[in-house]
Amino acid sequence: MKIKSELSKIIENALNSADIKADEIVISDATKPEFGDYQFNGIMKLAKILKQNPRQIATNVVEQVDLTGMISKVEVAGPGFINIWLDNRWLSVQTTAIVNDVRVGVEQVEKPKRVVVDYSGPNMAKQMHVGHLRSSIIGDTLATLLEFLGENVIRQNHIGDWGTQFGMLIAYLEEQNTDGNTQELKDLEQFYKDAKVRFDESEEFANKAREYVVKIQKGDTHCLTLWQSFINASLGHCEEVYKKLNVNLTREDVRAESFYNNQLSKVIETLKEKDISTTSNGAECVFLEGDETPTIVQKGDGGFLYATTDLAALNFRDKELKADRICYVVDARQAQHFKQVFTISKQAGMVAEEVVLEHIAFGTMMDKGGKPFKTRDGGTVKLVDLLDEAVVRATEAIKDRNIHSKEELASMAKAIGIGAVKYADLSISRESNYIFNWDKMLSFEGNTSLYMQYAYARIQSILRKYKAEVTGDILVEDEVEHRLALMLLKFEDTLTKASIEATPHTITSYLYDLVSVFMKFYELNPILRDDIDEVTKISRLQLATLTGNVIEKGLSILGIDVVEKI
RNA sequence: GCGCUUGUGGCUCAAUUGGAUAGAGCAUCAGACUUCGGAUCUGAGGGUUAGAGGUUCGAAUCCUCUCAGGCGUACCA
């Protein structure tokens, strides 16, 4: 239910009836319960333009508001705010209508766009570490969200499979005589370290490594085969992580750095032709207005850089993938880089003017002390280890709670542990750095996944207890039911906002508010008690059912599973 | 040096993009149980939104300066 746009229409009609023109009518949530459910704050701006008393205008508008359906009451308040209350009967009808809807009332967008979401992008030379966590889960949430809303989403996993370090790695791979699928590659981190040791200790090996870099680039079959088997193995590791993390990236979504190799010289040609780049100190550079240093697109030795690859990728995404919007879910530290390549790509016509280019930036993951997240000895934390620890800790947190079978406990711990890690990350506004804290994320209290999962499990418990099938209408009667029903209907507006701004935390805040309201409702309004009449019982059961459905759908967009009991 | 970015109760975070008395959660204190799952709910205290100016009906949000942190900054990605 698009509540805000419905309200906008009603207010627009009222404005028209009062002979006032307004270009955009923005309805916001009321800041306090006394101020109703929604408010329209635009009168003050209009008053300035019209040079009239805002309260007078507001009063005129309020008189014209249609009170026959959605709205039960409107009031003028303060300097000219218009406060809006929604009608209980309307809420009853609307919630009843979606209680059995798989989309819980969320419509598909009318005109789907093609949206490229570039996320995860691990480097094949190394094991995935915590640095990849945020991109993977924020990007995946964004992709899932857009898909749910009906957009045509194209996931792109821009893996790093090209560069000098691969010469060393395949030389070592050859020396170890493995096909890439054996034990030696199981711990990529170790493999890299071992290779580096060899590189440093043996001149002969180092030369071979350098030679192999050149050979791969020239298309040498032997070296390419080695390289391919290495990439396969490394990608396999990533896929294990994706599976654990519940991230929907497959091989189909992989479009590696190397994919763009044959397009790089064309990029330079285009830039030269259009006089966008110039040669400076032997390198091919683009000097952008306002930048002190140039964006280098080709090194003095002829080699290309990541700006070049990104330009090729941008071109490909526009020309071949026909994207309308391209989202890069990448660390905030690369802001300048994206600003540069976005500007260049548009100047050079590699990306059409109307295509929306966005850097979906996020902050760094910190430890409790506010320092970048590292292992005790200062190394990078492997993502698999972190996820495994999450499951262990989740098991610890719930094992005394109830008698569960081993299997139940295991699947529950997975949903809870992984959910906790993801939710903690997704629930803060993505651009700020975030502090990683096990105890906090695995708490039943506060804005955590466990609290949502707990609420869901409680709802299922009530529904199980009722035993019969629940059919019938929701009848919104009191204040708390009013708030709950309204929250349930706000789901679509919340998702829309989150999709436009690419802010998953909008969804988590919403879920937390929803669950809080539900808990209050549940406390105040008994559902199954004997003295509750059947009509009320059914209405409340349906509210509980719908709440459960929304929690489930909301969490699933975040890539988090619910559990039937905890 | 230049550029980008951040600064909100003791701690972790919000604030619908310029709206009403800045909201939550932890933690602290005080309440509610013969519990539809109390790992819950109710309430209290705690703020000059880093500081100083400015813009206007109205500022955490926009502008200027200061202070403090983070990040980036010519051939890594």
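Letters A, B, ... mirror the listed sequences (proteins, then strands); counts begin at 1. This structure is a prediction, so every number in the text was calculated from the model and none was measured.
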Using the C1' atom as the reference point in each nucleotide, state the distance between B/G54 and B/G31 in Å, no decimals. 48 Å
With respect to the side chain of A/S429, which nucleotide from B/A14, B/U40, B/C76 is positioned closest? B/A14
Start at the 5' end of RNA chain B and walk down; is the nucleotide closest to A/E292 or to A/E523 reached first? A/E292
Using 4.0 Å as the upper bound for N to carboxylate O, is an ion pair formed by A/K565 and A/E408? yes
Please check if any side-chain donor atom of A/H337 sits under 3.5 Å from a side-chain acceptor atom of A/D310, or the reverse. yes
More than 12 foreign heavy atoms under 6.0 Å from NZ of A/K4: is that the case here? yes
Using the side-chain hydrogen bond (donor to acceptor under 3.5 Å, both in side chains) rule, take A/E284 and A/T279 through it: C-alpha gap first, then chi angles, then the decisive distance, then the call. CA-CA 4 Å; A/E284 195 62 21; A/T279 312; 2.9 Å; yes
A/E501: which residues meet the side-chain hydrogen bond (donor to acceptor under 3.5 Å, both in side chains) condition with it, sequence neighbours left out? none
Would you check if there is a donor-acceptor pair between the side chains of A/D161 and A/S258 at a distance under 3.5 Å? yes
Check the pair A/T503, A/T506 against side-chain hydrogen bond (donor to acceptor under 3.5 Å, both in side chains), reporting the backbone distance first and the verdict last. CA-CA 6 Å; A/T503 48; A/T506 311; 2.7 Å; yes
Pair A/D513 + A/K490, salt bridge at N-O below 4.0 Å: no
If I take atom CG in residue A/D513 and atom C1' in nucleotide B/A14, what distance separates them, rounded to the nearest angstrom? 10 Å
Sub-4.0 Å heavy-atom contacts from residues 430-449 of chain A onto RNA chain B, ordered by number: A/S432, A/N433, A/Y434, A/I435, A/K440, A/F444, A/E445, A/G446
Residue A/Q336, side-chain atoms from C-beta onward, closest of B/A74, B/U40, B/G72: B/G72
B/U66 and B/C29: how far apart are their P atoms, nearest whole angstrom? 45 Å
According to the 5.5 Å centroid and 30° plane-angle thresholds, does A/Y306 stack upon the nucleobase of B/C76? no
Judged by whether its glycosidic angle lies within 90° of 0, B/U17 is syn
B/C62 to B/G19 separation - P atoms, rounded to the nearest Å: 11 Å
What interatomic distance, in whole Å, is found between P of B/A77 and the corresponding atom of B/U61? 40 Å
With rounding to the nearest 0.5 angstrom, report the CE to NE2 distance, A/M487 to A/H482. 12.0 Å
Within the sub-3.5 Å range, which N or O atoms of nucleotides 19-22 of chain B have a protein N or O partner, and how far apart are they?
residue, atom, partner, partner atom, Å
B/A20, N7, A/Q39, OE1, 3.2
B/A20, N6, A/N83, OD1, 2.3
B/A20, N6, A/N83, ND2, 3.3
B/A20, N1, A/N83, ND2, 3.4
B/U21, O2', A/K32, NZ, 3.2
B/U21, O2, A/K32, NZ, 3.3

Could you measure the distance from the CD atom of A/E552 to the CD1 atom of A/I560? Nearest 0.5 Å is fine. 12.5 Å
The answer to which of A/F287 and A/K4 contacts RNA chain B further toward the 5' end, by nearest nucleotide, is A/K4
Does the B/A77 base have a donor-acceptor partner in the side chain of A/T309 within less than 3.5 Å? no
Residue A/K48, side-chain heavy atoms: nucleotide from B/C57, B/U40, B/C36 that is nearest: B/C57
Taking only the C1' atom of each, what is the distance from B/C67 to B/A30 in whole angstrom? 41 Å
Winner on side-chain proximity to A/H505, out of B/C71, B/A14, B/U40, is B/A14
Atom C1', compared across B/G45 and B/G38: separation rounded to whole Å: 24 Å
